Undergrad: 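Here's a structure for you.
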Amino acid sequence: MITLQEAFNIVTSDLPLTGIETIDFRLANGRVLAEDIFSDIDMPPFDKSAVDGYACRRADIGSPMRLLEVIAAGKSPEMVIEEGCCSKIMTGAMLPENADCVVMVEQTIESETVVTITDQKTKNNIAHRAEDLKKGALVIPKSTLLHPQHIAVLASVGAVGIDVYKKARICIFSTGDELVEPEVEPGKSQIRNSNGCQLVSQAARMGAAVVYGGIIPDDEEITRKKLFEAFREYDVIILSGGISMGDFDFVPKILNELQVDLMFRSIAVQPGKPTVFGRTGNKFVFALPGNPVSSFNIFEILARPFIYRLMGHPWKPLILRLPLTIDFNRKGTERHGFVPATIQDDGSVQPLAYNGSAHINALINAHALMSIPLGVATIQKGELVDVRLI
Ligand code: AMP
Ligand code: MG
């Protein structure tokens, strides 16, 4: 049994990258940038007004001013601001020559073509050319995971075709004779396959190209055939179940036949101890425990950082340190525990009622997994605990 940190180091070391493709930036939400993006313009591209108001010289605002023109956003000013003059200007419009401030409409009275300032205290209200960004500056570095706000920045610098890492190609299997697909009413000794779709959703929401491979029965020959085929097609195989010490847990044996180097088979994590990670060349397999909370947990803490790294992004979970609402106790301390929890409105952490790794319903209201380090049995109410958002 190795520690979580050791397992993390193994699944994030010495990985190949998926390759690079060029895509339209509008489709890049959730993708990982494979190039540095530089600005092709100054931002703002010209001195512009930050308010609706009157552009003038600060020296003149004590006396009524003569109105020269109205400058709409998107239009260039035609008049230069001379002594005692002003031009009406809209937010975002280009500042006229000689103006050094814009007085907000709310602080003025306009009558005929004369403008009087009612409140002499005014900021300059000018956004200066290049104050946000200079032409040629690095705006988004390579390896950034792109979100909607990045798409806006790509648009603003005209980066319309961008290089991103290809999606990792992942095949998900469930194993077990007891499983039927969700459409089917389970027979006497059967249960519905909930891991398959859970893992597909977990991989899909992080932007991988995921395919569901179906249920593999607890049959050595079928397991062999399915895994051989999948290794030819995909970069990563993720399966759940079939790796414990049961008589019908064939997966590790077949991975051996496939010359997969099993880099660990057991980790000091609860839930999720019997987790297998293997590699053959640039193909990988994650075999997760069958219990649905274990499978969810191990995907989040190990498979997710692993898959992001294949796609070029050094992902780390957002871990918050928050106070606990109650005293927490557990029996064993030889594994790093993860307990489903909610984050209350006041920022405190409430562990959820949780019967163990089969209790998938415990995750329904969970915002986060509360982390209990090795060796720790009790945490007092009010003490700070690490939680990772899920
Ligand atoms: P295993 O790891 O195959 O020994 O399975 C451990 C437990 O998880 C057993 O109770 C299985 O019935 C259950 N289980 C395994 N696979 C799934 C699955 N795909 N969906 C829901 N439960 C599962
Ligand atoms: Mg099984």
Side-chain angles (χ1 to χ4, degrees), residues 1-2 4 6-18 166-176 179 193 195-204 206 208-246 248-267 269 271-292 294-311:
M1 193 158 74
I2 62 172
L4 176 57
E6 287 164 340
F8 182 88
N9 292 345
I10 291 171
V11 304
T12 56
S13 295
D14 189 28
L15 299 179
L17 289 165
T18 47
K166 289 184 179 170
K167 297 180 175 191
R169 295 173 317 138
I170 300 178
C171 185
I172 309 272
F173 291 108
S174 301
T175 73
L179 302 178
N193 172 17
N195 288 349
C197 47
Q198 176 172 252
L199 289 167
V200 167
S201 303
Q202 284 178 290
M206 51 172 297
V210 56
V211 166
Y212 174 55
I215 296 170
I216 304 182
D218 291 321
D219 173 285
E220 186 169 344
E221 201 39 55
I222 300 176
T223 307
R224 180 177 291 113
K225 183 166 170 290
K226 288 278 187 187
L227 292 187
F228 268 73
E229 281 168 12
F231 263 105
R232 252 181 273 129
E233 284 279 317
Y234 300 97
D235 305 324
V236 180
I237 298 170
I238 300 182
L239 38 84
S240 69
I243 48 163
S244 306
M245 303 307 282
F248 304 100
D249 292 335
F250 298 118
V251 171
K253 175 173 182 228
I254 304 221
L255 292 175
N256 265 326
E257 287 176 24
L258 274 160
Q259 318 234 296
V260 173
D261 184 12
L262 297 185
M263 302 176 78
F264 55 79
R265 291 190 62 165
S266 172
I267 51 179
V269 173
K273 180 177 161 189
T275 293
V276 172
F277 178 71
R279 173 175 193 162
T280 172
N282 281 342
K283 307 254 173 175
F284 299 86
V285 62
F286 252 108
L288 310 181
N291 271 313
S294 311
S295 155
F296 179 88
N297 196 34
I298 300 298
F299 186 98
E300 290 300 307
I301 63 179
L302 289 176
R304 193 166 175 196
F306 159 74
I307 295 166
Y308 268 130
R309 277 163 182 75
L310 294 180
M311 302 195 295

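Keep in mind that what you see is a predicted model, and the values were worked out from it rather than measured.
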Undergrad: Between Phe8 and Ile301, which heavy-atom pair has the shortest distance, and what is it?
TA: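 For Phe8 versus Ile301, the nearest heavy atoms are CD1-O, 4.2 Å.
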
Undergrad: Do you know the tightest heavy-atom contact between Pro305 and Thr12?
TA: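 Of all heavy-atom pairs spanning Pro305 and Thr12, the closest is CB-CG2, 4.3 Å.
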
Undergrad: With a 4.5 Å cut-off on side-chain heavy atoms, are Leu15 and Phe284 touching?
TA: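 A side-chain contact exists here, since the closest heavy-atom pair is under 4.5 Å.
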
Undergrad: Give, for atom CD1 of Ile298 and atom CD of Gln202, the distance between the pair rounded to the nearest 0.5 Å.
TA: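 Reported to 0.5 Å precision, the distance equals 11.0 Å.
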
Undergrad: Looking only at atom types and distance, does a side-chain atom of Arg265 sit under 3.5 Å from a main-chain N or O of Pro274, one as donor and one as acceptor?
TA: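 The answer is no, because no donor-acceptor pair under 3.5 Å joins these two groups.
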
Undergrad: Looking only at atom types and distance, does a side-chain atom of Asn291 sit under 3.5 Å from a main-chain N or O of Ser294, one as donor and one as acceptor?
TA: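 Not at all, since once roles are kept as given, no pair shorter than 3.5 Å links the two residues.
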
Undergrad: Can you find a heavy atom in the side chain of Ile10 that is under 4.5 Å from one in the side chain of Ile2?
TA: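 Counting from C-beta outward, Ile10 and Ile2 do come under 4.5 Å.
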
Undergrad: Do you know which of Ile237, Val276, Leu255, Leu227 makes side chain to side chain contact (heavy atoms under 4.5 Å, CB included) with Val260?
TA: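 By the side chain to side chain contact (heavy atoms under 4.5 Å, CB included) criterion, Val260 pairs with just one of Ile237, Val276, Leu255, Leu227: Leu255.
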
Undergrad: Let's go through Val269 and Lys273 carefully: what are the C-alpha distance in whole Å and the side-chain angles of both, what is the deciding distance for side-chain contact (heavy atoms from CB on, under 4.5 Å) to 0.1 Å, and is it a yes or a no?
TA: CA-CA 5 Å; Val269 173; Lys273 180 177 161 189; over 6 Å; no

Undergrad: Do Ile172 and Val211 make a side-chain contact, defined as non-hydrogen atoms from C-beta onward lying under 4.5 Å apart?
TA: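 Sidechains of Val211 and Ile172: no contact.
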
Undergrad: Check Glu220 with Arg224, please: is the shortest side-chain N to carboxylate O separation under 4.0 Å?
TA: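 Judged by the 4.0 Å cut-off on N to carboxylate O distance, Arg224 and Glu220 do form a salt bridge.
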
Undergrad: How long is the gap from NZ on Lys225 to CD1 on Ile254, to the nearest 0.5 Å?
TA: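 Here the rounded value is 12.5 Å.
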
Undergrad: Check the pair Asn193, Tyr212 against side-chain contact (heavy atoms from CB on, under 4.5 Å), reporting the backbone distance first and the verdict last.
TA: CA-CA 12 Å; Asn193 172 17; Tyr212 174 55; 2.9 Å; yes

Undergrad: Where is the tightest heavy-atom contact between Phe173 and Gly213, given as atom of each residue plus distance?
TA: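 Taking Phe173 first and Gly213 second, the nearest heavy atoms are CE2-O, 3.5 Å.
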
Undergrad: May I ask you to test the Ile238-Ile307 pair for a side-chain heavy-atom distance under 4.5 Å?
TA: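 When only atoms from C-beta onward are counted, Ile307 and Ile238 do touch, with a gap below 4.5 Å.
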
Undergrad: Between Cys171 and Glu233, is there a side-chain heavy-atom distance shorter than 4.5 Å?
TA: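 In short, these two side chains do not touch, never coming nearer than 4.5 Å.
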
Undergrad: Which heavy atom in Leu310 sits nearest to a heavy atom in Ala168, and how many Å separate them?
TA: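 Answer, listing the atom of Leu310 first, then Ala168: CD1-CB, 4.3 Å.
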
Undergrad: Rounded at 0.5 Å granularity, tell me how far CE in Met206 sits from OH in Tyr308.
TA: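 Separation between the atoms: 4.5 Å.
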
Undergrad: Do Thr280 and Lys283 touch side chain to side chain, with heavy atoms closer than 4.5 Å?
TA: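 Thr280 reaches Lys283 side chain to side chain.
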
Undergrad: Identify the two heavy atoms, one from Ala287 and one from Ile243, that lie closest to each other, and give their separation to 0.1 Å.
TA: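 Looks like O-CD1, 3.2 Å.
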
Undergrad: I need the Leu17 CG to Arg309 CZ distance, nearest 0.5 Å.
TA: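 If we round to the nearest 0.5 Å, Leu17:CG and Arg309:CZ are 11.5 Å apart.
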
Undergrad: Grab the two heavy atoms, one from Thr175 and one from Gly241, that are nearest each other, plus how far apart they are.
TA: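 What the structure gives for the nearest pair is OG1-C, 2.9 Å.
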
Undergrad: Between Asp261 and Arg279, is there a salt bridge with N-O shorter than 4.0 Å?
TA: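 No.
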
Undergrad: Would you mind reporting whether Gln259 and Phe231 have side-chain heavy atoms less than 4.5 Å apart?
TA: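 No, every pair of side-chain atoms sits at 4.5 Å or beyond.
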
Undergrad: Got Leu199 and Leu288 here, is their nearest side-chain heavy-atom distance under 4.5 Å?
TA: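 Yes, at least one pair of side-chain atoms sits under 4.5 Å.
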
Undergrad: Hey, what do you get for CG (Asp235) to CG (Asn282), rounding to the nearest 0.5 Å?
TA: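 It comes to 8.5 Å.
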
Undergrad: Please step through side chain to side chain donor-acceptor pair (under 3.5 Å) for the pair Ser174 and Asn195, ending with a clear verdict.
TA: CA-CA 7 Å; Ser174 301; Asn195 288 349; 5.9 Å; no

Undergrad: Rounded to the nearest 0.5 Å, what's the gap from CZ on Phe286 to OG on Ser240? Could you check?
TA: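 OG of Ser240 is found 13.5 Å from CZ of Phe286.
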
Undergrad: For Phe306 together with Phe277, are the ring centres under 6.0 Å from each other?
TA: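 Ring centres of Phe306 and Phe277 closer than 6.0 Å.
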
